Every structure is written in structure tokens, then in C-alpha cells.
Amino acid sequence: GVGLAGGGIGAMEARLQLGNDAPDPEVLAAVAGGVSIDAAAIAIQSESEDSLYVNSISSAGGIGAIGIAAAGATSSLTSHQTTRTMVGRGASLRASDSLSLVALADQSSKDGDGGGLDSRSIGVALAVGAIAASGTGNFTDTQVFSEAQLQVLNGASLEAPNLSLSSGN
């Protein structure tokens, strides 16, 4: 604002959520209960590679004999992404060479791929006048509840000379 007393207020809020907190996973690779698989090689994998970025920017300005400006920004990022690889009750997996079960929820850019999480907030306030006051307030909130689940249920059997089970988050 401009005048004898000029003031401005700016506010911005940004929210991002991936997945939900329900018991069912967002990504599922499963062998149903009672199923039999015989093969040279068996590989069952659930994988989620996520890039989550939230950014909020606010600005405000005030010009006058009395200039006042205030700006605030908040960014919120929440991930409940769940991957699950499951072998059901009584299922039989038999491989003559290799058997691999993998569950992976990747939300990190540290492994060289494109996944990652980033939350930022920026507030800019400028006041000009004989009496001037400006202020900013910024807040970021990042919460990660993601899971990679590997489940072999009761009565399931896994047979192979090379057996690999892995879960990573």
C-alpha cells in the first residue's frame, strides 16, 4: 500500500500429501494364498520411487510516512507411502535357481536417482517510510511415515538355492 500510512500483508500456505494412513498399501506385489509357483527363477518386487517438493513464497510491501509490512509462508509435506511384497498363507514358491522378494519405498535423492523430499517456505517484507516496520514468519513441516513391508504369511514356503529377501525405506 502507498499513502500517509501504507501497509501490506502477504500470506501463503502450501500442502502436499502422498499416500494415506490406511492399513492397505499404495503399492502391492503379492502371491495369493494357496498358489504354487515352480520356476527356474522367481522375482516379486514392489517399488515406489517418489519425488515430493513443496514450496511457498509470500511477499508484502508498505510505503508511506508510516510503512508497515508483514509476510508469512508455511509449507507442509507428509508422506504415508507404503509398499508391500507379500506371499499369502499356504502359498508355495519353489525355484531351481533363485528366488527374490523385494519391497522398496525410495524417497531419498542420496542414492543417485530422482527420488527426494524437499519443503521450503520464504517470506519477504519491505517497508519504506519515516517510520517503517517489517517482519516475516516462515514455517516448514515435513513428516515421513512411509514403509516398505515384506510379508511371508503363515504356512507359506520358499525354496531356492539362492534366496534373497530385502526391504528398504
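The basis for the numbers below is simple: all heavy atoms, side chains too, and nothing from hydrogens, waters or symmetry mates. Everything numeric here is computed off the predicted structure, so don't read it as measured data.
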Identify each donor-acceptor pair in which a side-chain atom of residues 37-44 lies under 3.5 Å from a protein atom, sequence neighbours left out, and give them as a table.
{"residue": "Asp38", "atom": "OD1", "partner": "Arg94", "partner atom": "NE", "Å": "2.8"}
{"residue": "Asp38", "atom": "OD1", "partner": "Arg94", "partner atom": "NH2", "Å": "3.1"}
{"residue": "Asp38", "atom": "OD2", "partner": "Arg94", "partner atom": "NH2", "Å": "3.4"}

Is the closest side-chain heavy-atom distance between Thr82 and Gln149 below 4.5 Å? yes
Filter on ring-ring contact (aromatic ring centres under 6.0 Å, His included), then keep only pairs touching residues 148-169, sequence neighbours left out; what's left? none
Could you work out, with ring pair (Phe, Tyr, Trp, His ring centres under 6.0 Å) as the rule, every residue matching Phe145, not counting sequence neighbours? His80
Drop me the distance from Leu104's CG to Glu47's CD, to the nearest 0.5 angstrom. 4.5 Å
Output every pair passing ring-ring contact (aromatic ring centres under 6.0 Å, His included) with a member in residues 28-50, not counting sequence neighbours, ordered by first then second residue. none
Donor-acceptor list for residues 4-25 side chains, cut-off 3.5 Å, not counting sequence neighbours:
{"residue": "Glu13", "atom": "OE2", "partner": "Arg15", "partner atom": "NE", "Å": "2.8"}
{"residue": "Glu13", "atom": "OE2", "partner": "Arg15", "partner atom": "NH2", "Å": "2.8"}
{"residue": "Gln17", "atom": "NE2", "partner": "Gly19", "partner atom": "O", "Å": "3.2"}
{"residue": "Asn20", "atom": "OD1", "partner": "Ala22", "partner atom": "N", "Å": "2.8"}
{"residue": "Asn20", "atom": "ND2", "partner": "Glu26", "partner atom": "OE2", "Å": "3.4"}

Show every salt bridge (charged side-chain N to carboxylate O under 4.0 Å, His left out) that has at least one partner inside residues 64-88, sequence neighbours left out. none
Contact list for residues 117-136, test salt bridge (charged side-chain N to carboxylate O under 4.0 Å, His left out), sequence neighbours left out: Asp118-Arg120
Report the residues that fulfil side-chain hydrogen bond (donor to acceptor under 3.5 Å, both in side chains) with Ser46, sequence neighbours left out, ordered by chain and then residue number. Thr85
Linked hydrophobic residues, Val124 as query - side chain contacts closer than 4.5 Å: Ile57, Ile122
Give a yes or no on whether the backbone of Leu77 and the side-chain of Thr142 come within a donor-acceptor separation of less than 3.5 Å. no
Which atom names give the shortest non-hydrogen contact between Ser121 and Thr140, and what distance separates them? OG-CG2, 3.4 Å
Going by salt bridge (charged side-chain N to carboxylate O under 4.0 Å, His left out), name the pairs with one or both residues in residues 128-150, residues two or more places apart or in two chains. none
Cut-off 3.5 Å, no hydrogens considered: what does the side-chain donor-acceptor table look like for residues 160-169, sequence neighbours left out?
{"residue": "Asn162", "atom": "ND2", "partner": "Asp97", "partner atom": "O", "Å": "3.2"}
{"residue": "Ser167", "atom": "OG", "partner": "Ala148", "partner atom": "O", "Å": "2.7"}
{"residue": "Asn169", "atom": "ND2", "partner": "Ser146", "partner atom": "O", "Å": "2.6"}

Check: Gln143 and Ser79 side chains under 4.5 Å, non-hydrogen atoms: no
side-chain hydrogen bond (donor to acceptor under 3.5 Å, both in side chains) involving Ser48 - partner list, sequence neighbours excluded: Asp50, Gln81
